Amino acid sequence: MGKNRASVRAVGVGISVVLLVAGAAACTSDDKSDKSDTKDAAKAPATAGAPVATPSAAPTSKGPEAFAAAGYRGLTPGMAKDAGLATGALESAPVSLLGGCTDFVYKGGPAPDQARMTAEAATEARYKDLSAKADAASGKAPAAGGTLPPNASAKDAAAAAAGSAAAAKGSADAAKAIADSTMALVDLRFAQEAKDKAYLASGRVSFAATGLRELAAPAEAKTAEGVGAGSTVEALQQAYGAKGLQLAKSGKYVMPVEGQQGWQYEFTVDGDKVAGMAVVNREIKCA
């Protein structure tokens, strides 16, 4: 009887141990399951309507590139056209071929205006044609008959009169050819000004056969002194008045580039505001 009771107590204790172990295992399993669910939830995509956290942009202390005579967007004065295109700063298709120079806009700038380019080509061709005719007419104009001696015969006088008439006609033809050529040159200058105005906001880069001759800034560009499109003429004068800034006959404010012979800053103004700026060497001819 005593042995049976001892056996029952042993079995009870055994059952209790088994239950305790099973409970501990269950708790451990639940804990792992909770952690696994938490990890899975972190990996799961956000549901519609749920807020999504986005990383903020990395802060930077570097400001916009300043427009300067030393260069802008990898483009430098005198740089060859192929080297300029290789920088990736320019659109590959030219926007003007006027005057023998090749002009490009910065990346993202306006597409070439084919109608404008066709008109520019016609204006330039007309000027070249009339200029050649004026040169030819001036070279062929006969000399005047001259002064007759006191003992000149009637025949001599008639010859002199004919010579004077031919000279007058030749001079008139030459004068007309020169006038036509001059008007064609005026038209060419108007076309060049219209081109400059068309790309004043976008900016452009002009290459001569010898290299980059003009670097016109886009509207958003500023110099290191903070001058750019939209700046007042007063601010322009305050920034560069002591550095040689002058008002040119063209109506632009110009300032020589220190250490770069022939190069100058040009500030186009509209009223009391700066409308555009460029670094250019006008001693470099397009053609």
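Note that this is a predicted model, so its numbers are computed, not measured.
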Could you grab the distance from atom [atom1] of [X] to atom [atom2] of [Y], nearest 0.5 Å is fine?
{"X": "Q237", "Y": "L247", "atom1": "CD", "atom2": "CG", "value": "8.5 Å"}
{"X": "S181", "Y": "K128", "atom1": "OG", "atom2": "NZ", "value": "13.0 Å"}
{"X": "L130", "Y": "I178", "atom1": "CG", "atom2": "CD1", "value": "12.0 Å"}
{"X": "T210", "Y": "K285", "atom1": "OG1", "atom2": "NZ", "value": "11.5 Å"}
{"X": "T223", "Y": "F67", "atom1": "OG1", "atom2": "CZ", "value": "9.5 Å"}
{"X": "E65", "Y": "E220", "atom1": "CD", "atom2": "CD", "value": "11.0 Å"}

Is any side-chain heavy atom of [X] less than 4.5 Å from a side-chain heavy atom of [Y]?
{"X": "V205", "Y": "Y72", "answer": "no"}
{"X": "F104", "Y": "V95", "answer": "no"}
{"X": "V254", "Y": "F267", "answer": "no"}
{"X": "L85", "Y": "F207", "answer": "no"}
{"X": "T268", "Y": "V274", "answer": "no"}
{"X": "P77", "Y": "Q260", "answer": "yes"}
{"X": "V269", "Y": "K252", "answer": "no"}

Check your understanding: Within the side chain of T76, is there an N or O that forms a donor-acceptor pair under 3.5 Å with the backbone of M79?
Key -> no
Practice item. Answer yes or no: is there a donor N or O on one side and an acceptor on the other, between the side chain of T123 and the main chain of A119, under 3.5 Å? Key: yes
Review point. Are the charged groups of E214 and R204 less than 4.0 angstrom apart, N to O?
Key: yes
Practice item. Would you mind checking if K133 and D180 are paired as a salt bridge, meaning a charged N to carboxylate O distance below 4.0 Å? Key: no
Taking every non-hydrogen atom, the tightest pair across [X] and [Y]:
{"X": "R213", "Y": "C101", "answer": "CD-SG, 3.3 Å"}
{"X": "M117", "Y": "L97", "answer": "CE-CG, 4.2 Å"}
{"X": "S202", "Y": "V105", "answer": "OG-CG1, 4.1 Å"}
{"X": "A137", "Y": "A177", "answer": "CB-CB, 4.0 Å"}
{"X": "N281", "Y": "G262", "answer": "OD1-O, 3.2 Å"}
{"X": "L90", "Y": "G84", "answer": "CD1-O, 4.1 Å"}

Check your understanding: Y265 vs Y240 aromatic rings, parallel, tilted or perpendicular, using cut-offs 30° and 60°?
Key -> parallel
Residue [X] excluded, over 12 heavy atoms near [atom1] under 6.0 Å:
{"X": "K195", "atom1": "NZ", "answer": "yes"}
{"X": "E225", "atom1": "CD", "answer": "yes"}
{"X": "K107", "atom1": "NZ", "answer": "yes"}
{"X": "D270", "atom1": "CG", "answer": "no"}

Practice item. Begin from the C-alpha positions of D187 and R126 and carry the test side-chain contact (heavy atoms from CB on, under 4.5 Å) through to its verdict. Key: CA-CA 10 Å; D187 291 340; R126 180 172 179 271; 3.5 Å; yes
Check your understanding: Is it the case that R73 places NZ or CZ above or below the six-membered ring of Y106, under 6.0 angstrom from the centre and within 45 degrees of the axis?
Key -> yes
**Study point:** Derivation of the salt bridge (charged side-chain N to carboxylate O under 4.0 Å, His left out) call for E266 and R282
**Key:** CA-CA 11 Å; E266 291 186 354; R282 304 221 174 266; 2.9 Å; yes
Review point. Side chains of D103 and S206: do they bring a donor and an acceptor to under 3.5 Å?
Key: yes
According to a hydrophobic-cluster definition based on side-chain heavy atoms being under 4.5 Å apart (Ile, Leu, Val, Met, Phe, Trp, Tyr only), do [X] and [Y] belong together?
{"X": "V280", "Y": "V257", "result": "no"}
{"X": "M277", "Y": "V233", "result": "yes"}
{"X": "V279", "Y": "L236", "result": "yes"}
{"X": "V227", "Y": "L200", "result": "no"}

Exercise for review: Give the intermediate values and the outcome of side-chain contact (heavy atoms from CB on, under 4.5 Å) for residues K273 and S231.
Suggested key: CA-CA 6 Å; K273 296 289 184 68; S231 297; over 6 Å; no
Practice item. Please step through side-chain contact (heavy atoms from CB on, under 4.5 Å) for the pair M255 and Q264, ending with a clear verdict. Key: CA-CA 5 Å; M255 180 180 68; Q264 64 181 17; over 6 Å; no
**Study point:** Working for side-chain contact (heavy atoms from CB on, under 4.5 Å), residues W263 and L215
**Key:** CA-CA 11 Å; W263 289 87; L215 193 62; over 6 Å; no
